[in-house]
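What follows is a short report on a single structure.
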Amino acid sequence: MFPDAHCELDFTSPFELLIATVLSAQTTDVRVNSVTPALFAAYPSAADLASADPAHVEELIQPTGFFRAKTKSIIGLSQALAERFGGEVPGKLDDLVTLPGVGRKTANVVLGNAFDVPGLTIDTHFNRLSRRWGWTQSTDPDQIETDVAALFPKKEWTILSHRVIWHGRRYCHARRPACGVCPLAQLCPSFGEGPTDPTAAAKLVRDGPRS
DNA sequence: ATCCCGAGGG
DNA sequence: CCCTCTGGAT
């Protein structure tokens, strides 16, 4: 059902994951993974990227789109790491979101996948699916996070995020959701005369991989 | 045309 | 709250 849902960005350290996640905005993970090896080879640490030539960084990450804004973010974020966090990526949400270019979504990805700190990643997919499944009525990411947090044990938050996002990417699309082939259709409050009980879909999501 | 695991600025 | 930033695949 959720085969091996996991973070699909390549990284070998919290720093690399942070950079990769910032680069992943509005791009596929495959594309991010195609530029990060050269980027990390040229700039292995926050100190290196902090003093990088923006033109060179722009060139390296160009295929990921938004390359000027992203270059500004990752150099600025590296400078902030060097100046305020001893060159290390902080493992706390409140610290991470003070970094330029790092919002709550990016911070939770880093916490969940590099620090083993449970975090709900309320991205565009999670935002959409959690309403379709009746987990929340809200469109506000912070409110959604609060509502969903009440439905699942904390230790499941990271894997839950991967599964919801995985499902959103493959079946529950924004425009034309593939309900006809969706394995969760019968448990979905938004499909036909489906259940109105939000825990129906929740239970199935919690079952995890079975294929 | 539409989509891709967003964030900052006005 | 809306706008902008951006390229590549489908």
Side-chain angles (χ1 to χ4, degrees), chain A residues 2-11 14 16-36 38-39 54-81 89 93-115 117-133 135-136 138-145 148 152 156-178 181 205:
Chain A
F2 300 99
D4 152 49
H6 65 287
C7 181
E8 293 176 37
L9 294 168
D10 294 336
F11 65 97
E16 290 189 2
L17 178 59
L18 176 58
I19 300 299
T21 306
V22 170
L23 295 182
S24 74
Q26 293 301 104
T27 325
T28 59
D29 292 346
V30 172
R31 188 154 303 283
V32 174
N33 293 336
S34 76
V35 306
T36 45
L39 180 68
H56 183 223
V57 175
E58 287 184 4
E59 188 184 325
L60 289 172
I61 69 170
Q62 191 273 344
T64 66
F66 295 160
F67 60 88
R68 280 181 279 268
K70 287 175 180 175
T71 292
K72 204 169 292 181
S73 291
I74 64 178
I75 291 180
L77 144 190
S78 297
Q79 291 170 343
L81 288 179
V89 176
L93 183 71
D94 292 340
D95 289 334
L96 285 167
V97 295
T98 68
L99 301 169
V102 179
R104 201 178 175 84
K105 181 260 171 183
T106 298
N108 273 138
V109 169
V110 172
L111 289 176
N113 299 285
F115 288 98
V117 175
L120 288 169
T121 305
I122 315 298
D123 72 331
T124 177
H125 296 296
F126 206 119
N127 190 311
R128 180 177 74 252
L129 298 220
S130 57
R131 238 168 309 108
R132 286 181 177 169
W133 284 343
W135 294 353
T136 182
S138 177
T139 57
D140 172 57
D142 290 347
Q143 183 61 47
I144 293 172
E145 196 173 332
V148 175
F152 295 89
E156 297 180 10
W157 288 357
T158 299
I159 184 64
L160 174 74
S161 299
H162 285 309
R163 287 175 183 165
V164 171
I165 292 163
W166 183 91
H167 189 76
R169 291 165 74 169
R170 279 161 191 75
Y171 298 102
C172 202
H173 310 131
R175 298 295 158 89
R176 294 174 54 232
V181 291
V205 173

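By convention in this document, chain letters (A, B, ...) are assigned in the order of the sequence lines, proteins followed by strands, and residues within each chain are numbered from 1.
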query: Are the side chain of A/Thr121 and the backbone of A/Asp123 linked by a donor-acceptor contact shorter than 3.5 Å?
result: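 Absent.
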Within this structure, what is the [atom1]-[atom2] distance for the pair [X] and [Y], rounded to the nearest 0.5 Å?
{"X": "A/Thr21", "Y": "A/Phe11", "atom1": "OG1", "atom2": "CZ", "value": "8.0 Å"}
{"X": "A/Gln79", "Y": "A/Leu77", "atom1": "CD", "atom2": "CG", "value": "9.5 Å"}
{"X": "A/Trp157", "Y": "A/Asn108", "atom1": "CH2", "atom2": "CG", "value": "9.0 Å"}
{"X": "A/Thr158", "Y": "A/His162", "atom1": "OG1", "atom2": "NE2", "value": "6.5 Å"}
{"X": "A/Leu18", "Y": "A/Asn113", "atom1": "CG", "atom2": "CG", "value": "12.0 Å"}

- prompt: For atom P, what is the distance between B/dG10 and C/dT6, given to the nearest Å?
  reply: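 The same atom, P, in both gives a distance of 15 Å.
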field: B/dC5 versus C/dT4 - spacing of their P atoms, nearest Å
entry: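 Rounded to whole Å, the distance is 24 Å.
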Return the polar atom pairs (N/O with N/O) between nucleotides 8-10 of chain C and the protein under 3.5 Å, or none.
from	atom 1	to	atom 2	distance (Å)
C/dG8	O3'	A/Arg31	NH2	2.7

message: Suppose the criterion is salt bridge (Lys or Arg N to Asp or Glu O under 4.0 Å): which pairs have a residue in residues 102-113 of chain A, not counting sequence neighbours?
response: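 Sorted result for residues 102-113 of chain A: A/Arg104-A/Asp142, A/Arg104-A/Glu145.
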Every protein N/O within reach of nucleotides 1-5 of chain C N/O, cut-off under 3.5 Å:
none

All ring-ring contact (aromatic ring centres under 6.0 Å, His included) counterparts of A/His56, not counting sequence neighbours: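 If we apply the ring-ring contact (aromatic ring centres under 6.0 Å, His included) test to A/His56, skipping adjacent residues, the hits are A/Tyr43.
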Within this structure, what is the [atom1]-to-[atom2] distance between [X] and [N], rounded to whole angstrom?
{"X": "A/Leu77", "N": "B/dA7", "atom1": "CG", "atom2": "P", "result": "12 Å"}
{"X": "A/Arg176", "N": "B/dT2", "atom1": "CZ", "atom2": "P", "result": "12 Å"}
{"X": "A/Asn127", "N": "B/dA7", "atom1": "CG", "atom2": "P", "result": "12 Å"}
{"X": "A/Arg128", "N": "B/dT2", "atom1": "CZ", "atom2": "P", "result": "15 Å"}
{"X": "A/Leu60", "N": "C/dG7", "atom1": "CG", "atom2": "C1'", "result": "16 Å"}
{"X": "A/Ile19", "N": "B/dC5", "atom1": "CD1", "atom2": "P", "result": "19 Å"}
{"X": "A/Leu120", "N": "B/dC5", "atom1": "CG", "atom2": "P", "result": "18 Å"}
{"X": "A/Lys70", "N": "B/dG6", "atom1": "NZ", "atom2": "C1'", "result": "9 Å"}

task: Could you tell me which non-hydrogen atom of A/Leu9 sits nearest to which non-hydrogen atom of A/Ser24, and how far apart they are?
output: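 Heavy atoms of A/Leu9 and A/Ser24 come nearest at CD2-CB, 4.2 Å.
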Protein N or O to nucleotides 8-10 of chain B N or O, pairs below 3.5 Å:
from	atom 1	to	atom 2	distance (Å)
B/dG8	OP1	A/Gly101	N	2.7

query: For B/dA7, does either OP1 or OP2 sit under 4.0 Å from a side-chain N or O belonging to A/Thr106?
result: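 Yes, because at least one side-chain N or O of A/Thr106 sits under 4.0 Å from OP1 or OP2 of B/dA7.
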- prompt: With a non-hydrogen cut-off below 4.0 angstrom, is A/Thr27 in contact with a base, only sugar-phosphate, or nothing?
  reply: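 The answer is base, as A/Thr27 lies within the cut-off (heavy atoms under 4.0 Å) of a base atom.
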task: Could you verify whether a donor N or O on one side chain and an acceptor N or O on the other, from A/His167 and A/Arg170, lie under 3.5 Å apart?
output: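 Judged by distance alone, the side chains do not pair up.
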- prompt: Can you name the side chain to side chain donor-acceptor pair (under 3.5 Å) partners of A/Gln26, sequence neighbours left out?
  reply: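 A/Gln26 satisfies side chain to side chain donor-acceptor pair (under 3.5 Å) with no residue once adjacent residues are dropped.
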